[in-house]
Novice: 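Mind having a look at this structure? Questions to follow.
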Amino acid sequence: SGSRQSLIISVVMVGCIHNTSNKQIKGVTSTFCNLPIQYPNPNYITKNKEGKQMKLRKNKFKAAIRRGDFQIGLWSGLRSTLVAEMLTQVAAFDWTVIDMEHSPNELGDVLTQLQVAQQGHAEPMVRVPWNEPVIVKRVLDIGAQTILFPMIQNADEAAQAVAATRYPQNDGIRGVMSLARMNNYGATPDYYLKAHQEICVVVQCETVEAVQNIPEICKVKGVDGIFV
């Protein structure tokens with residue numbers, strides 16, 4: 001249609017890729033309600049019907065950023081699983097944004113769209129309504145792996161965005177939920193150790209001040225891309 005061109009946007013990811021350590025943390029002890037918790041906790045390991053532990057979902061979008069691939073996608077604020085299915089499984093896009101900032105998408109809407117979209121080839125990126133750790137935590141717990149943070153002005157705010165996606169053992173502030181969609185309801189026991197490797201953080205620079213601060217934002221470990 002005539003409006004198709006206006007919907008397609010190309011994103012240039014500005015050299016903000018920081019290689020994280022590939023070393024596996026074999027024994028990480030955390031404290032929750034003053035009780036020591038060992039990750040992975042063998043008491044909470046579950047398996048699928050074949051008796052196998054499920055692997056952490058790979059983020060193809062993040063991997064493509066690291067390779068320097070050019071990727072094309074679009075925004076969706078339509079609250080429709082059918083649209084999500086078309087965009088991620090039929091159309092030839094690399095990514096699509098499920099928008100919570102400027103659309104009526106609420107957490108339940110995002111969940112059902114993720115359940116459909118993550119079966120396709122295009123990565124669903126969730127734009128949260130604000131750089132606020134509670135909504136980020138909830139979006140991650142329902143299985144999102146790529147988060148777009150609006151209105152990031154400087155390196156400090158970018159660091160806060162990254163911290164919201166990391167557990168404390170990786171210098172973050174994300175709270176722990178033992179059984180939820182993000183870890184296949186306990187069937188992916190090493191999720192807490194490796195989640196950050198597949199979580200992609202993209203920040204939006206929307207003002208003159210933010211654009212001027214891009215060099216410093218790029219230095220923030222954990223920022224994978226900038227949307228200008």
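The model shown is predicted, which means the values in this text are computed figures rather than measured ones.
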Novice: For the side chain of Asn59 and the backbone of Ile199, is there at least one donor-acceptor N/O pair under 3.5 Å apart?
Specialist: no
Novice: Applying side-chain contact (heavy atoms from CB on, under 4.5 Å), run through Arg57 and Gln145 and close with a yes or a no.
Specialist: CA-CA 9 Å; Arg57 178 182 179 270; Gln145 288 182 299; 2.4 Å; yes
Novice: Is there a side-chain contact (heavy atoms from CB on, under 4.5 Å) between Val97 and Ser76? Walk through the geometry before answering.
Specialist: CA-CA 6 Å; Val97 172; Ser76 176; over 6 Å; no
Novice: Identify the heavy atoms of Thr88 and Ala117 that sit nearest to each other, and give their distance.
Specialist: OG1-CA, 3.4 Å
Novice: I'd like to know if the side chain of Asn213 reaches the main chain of Glu216, judged simply by a donor and an acceptor atom lying under 3.5 Å from each other, with no hydrogens or angles considered.
Specialist: no
Novice: Hey, what do you get for OG1 (Thr81) to CD (Gln115), rounding to the nearest 0.5 Å?
Specialist: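 Answer for the OG1-CD pair, Thr81 versus Gln115, is 9.5 Å.
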Novice: Keeping Glu106 on the side-chain end and Asp109 on the backbone end, is there a donor-acceptor pair under 3.5 Å?
Specialist: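 It does not hold such a pair.
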Novice: Any salt bridge between Lys62 and Glu198, counting N to O under 4.0 Å?
Specialist: no
Novice: If you group Ile, Leu, Val, Met, Phe, Trp and Tyr by side-chain heavy-atom gaps below 4.5 Å, do Tyr192 and Met177 land in one group?
Specialist: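 Shared cluster, yes.
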Novice: Are any non-hydrogen side-chain atoms of Leu148 and Val128 less than 4.5 angstrom apart?
Specialist: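 Result no, sub-4.5 Å side-chain heavy-atom pair not found.
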Novice: Any non-hydrogen side-chain atom of Leu114 less than 4.5 Å from a side-chain atom of Val126?
Specialist: yes
Novice: So Asn184 and Tyr191, side chain to side chain donor-acceptor pair (under 3.5 Å) or not? Walk me through it.
Specialist: CA-CA 9 Å; Asn184 292 301; Tyr191 177 85; over 6 Å; no
Novice: For Cys205 and Ile217, work out which heavy atoms get closest and say how close.
Specialist: SG-CD1, 3.8 Å
Novice: Test your reading of the model: is there a side-chain donor-acceptor pair from Glu206 to the backbone of Met151, 3.5 Å cut-off?
Specialist: yes
Novice: To check you understand the geometry: which heavy-atom pair defines the closest contact between Gly186 and Leu179, and what is its length?
Specialist: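 So the two residues come closest at CA-CD2, 3.4 Å.
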Novice: Determine whether Ile173 and Lys137 make a side-chain contact, defined as any pair of heavy atoms from C-beta on separated by less than 4.5 Å.
Specialist: no
Novice: Quick one: does Thr188's side chain get under 4.5 Å of Met182's, heavy atoms only?
Specialist: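 Side-chain contact under 4.5 Å: no.
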Novice: Hey, are the side chains of Pro150 and Asn131 touching, using non-hydrogen atoms and a 4.5 Å cut-off?
Specialist: no
Novice: Which heavy atom of Asp224 sits nearest to which heavy atom of Arg66, and what is that distance?
Specialist: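 Here Asp224 and Arg66 meet closest at OD1-NH2, 4.3 Å.
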Novice: Give a yes-or-no answer on whether the side chains of Arg79 and Gln113 include a donor-acceptor pair shorter than 3.5 Å.
Specialist: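 Absent: no donor and acceptor within the cut-off.
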Novice: Of the non-hydrogen atoms in Pro215 and Gln212, which two are nearest, and what is the gap between them?
Specialist: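 It is CD-O, 3.5 Å.
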Novice: Quick one: does Thr146's side chain get under 4.5 Å of Trp95's, heavy atoms only?
Specialist: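 No - every pair of side-chain heavy atoms lies 4.5 Å or more apart.
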Novice: Suppose we call two aromatic rings close when their centres sit under 6.0 Å apart. Are Phe227 and Trp75 close by that rule?
Specialist: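 So the answer is yes for these two rings.
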Novice: A side-chain contact here means heavy atoms from C-beta on lying under 4.5 Å apart; do Val110 and Met100 qualify?
Specialist: yes
Novice: What is the distance from atom OG1 of Thr96 to atom CD of Glu123, rounded to the nearest 0.5 Å?
Specialist: 10.5 Å
Novice: Test side-chain contact (heavy atoms from CB on, under 4.5 Å) on Leu74 and Phe93 and set out the steps.
Specialist: CA-CA 8 Å; Leu74 52 69; Phe93 295 115; 3.3 Å; yes
Novice: Linking I/L/V/M/F/W/Y whenever their side-chain heavy atoms sit closer than 4.5 Å, directly or via other members, would Trp130 and Val139 fall into one cluster?
Specialist: no
Novice: Counting N and O atoms only, with roles assigned by atom type, does the side chain of Gln160 sit under 3.5 Å from a partner on the main chain of Ala155, one being a donor and the other an acceptor?
Specialist: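 The answer is no, because no donor-acceptor pair under 3.5 Å joins these two groups.
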Novice: Roughly how far apart are Asp99 CG and His102 NE2, rounded to 0.5 Å?
Specialist: 7.0 Å
Novice: Between the side chain of Asn183 and the main-chain N/O of Ser178, is any donor-acceptor distance below 3.5 Å?
Specialist: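 Confirmed, Asn183 side chain pairs with Ser178 backbone.
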Novice: Rounded to the nearest 0.5 Å, what separates atom CD1 in Ile226 from atom SG in Cys218?
Specialist: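 Going from CD1 on Ile226 over to SG on Cys218, the span is 4.0 Å.
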Novice: Please determine if Arg174 and Asp141 form a salt bridge, counting it only when a charged side-chain N lies under 4.0 Å from a carboxylate O.
Specialist: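 Yes, Arg174 and Asp141 are salt-bridged.
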Novice: Take Gln118 and Arg181 through the side-chain contact (heavy atoms from CB on, under 4.5 Å) test and state the conclusion after the steps.
Specialist: CA-CA 12 Å; Gln118 288 178 337; Arg181 186 171 183 270; 2.9 Å; yes
Novice: For Arg138, look at atom CZ and say whether over 12 heavy atoms of other residues, nucleotides or ligands are found less than 6.0 Å away.
Specialist: no
Novice: Nearest 0.5 Å please: distance from the CD atom of Gln204 over to the CZ atom of Phe149.
Specialist: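 It comes to 11.0 Å.
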Novice: Please give me the minimum heavy-atom distance between Ile135 and Glu132, naming the atom from each residue.
Specialist: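 That would be N-OE1, 3.0 Å.
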Novice: Quick one: pull up CG in Leu111 and CD1 in Ile142 and give me the separation to the nearest 0.5 Å.
Specialist: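 It comes to 5.0 Å.
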Novice: Is there a path from Leu78 to Val90 through hydrophobic residues (I, L, V, M, F, W, Y) whose side chains come within less than 4.5 Å of each other?
Specialist: no
Novice: Could you list the residues that satisfy side chain to side chain contact (heavy atoms under 4.5 Å, CB included) with Gln89, not counting sequence neighbours?
Specialist: Glu85, Val116, Gln119
Novice: Backbone N or O of Ala91 within a donor-acceptor pair of the His121 side chain at under 3.5 Å?
Specialist: yes
Novice: Any side-chain heavy atom of Val201 within less than 4.5 Å of one from Ile147?
Specialist: no
Novice: Give a yes or no on whether the backbone of Ile72 and the side-chain of Asp94 come within a donor-acceptor separation of less than 3.5 Å.
Specialist: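 It does hold such a pair.
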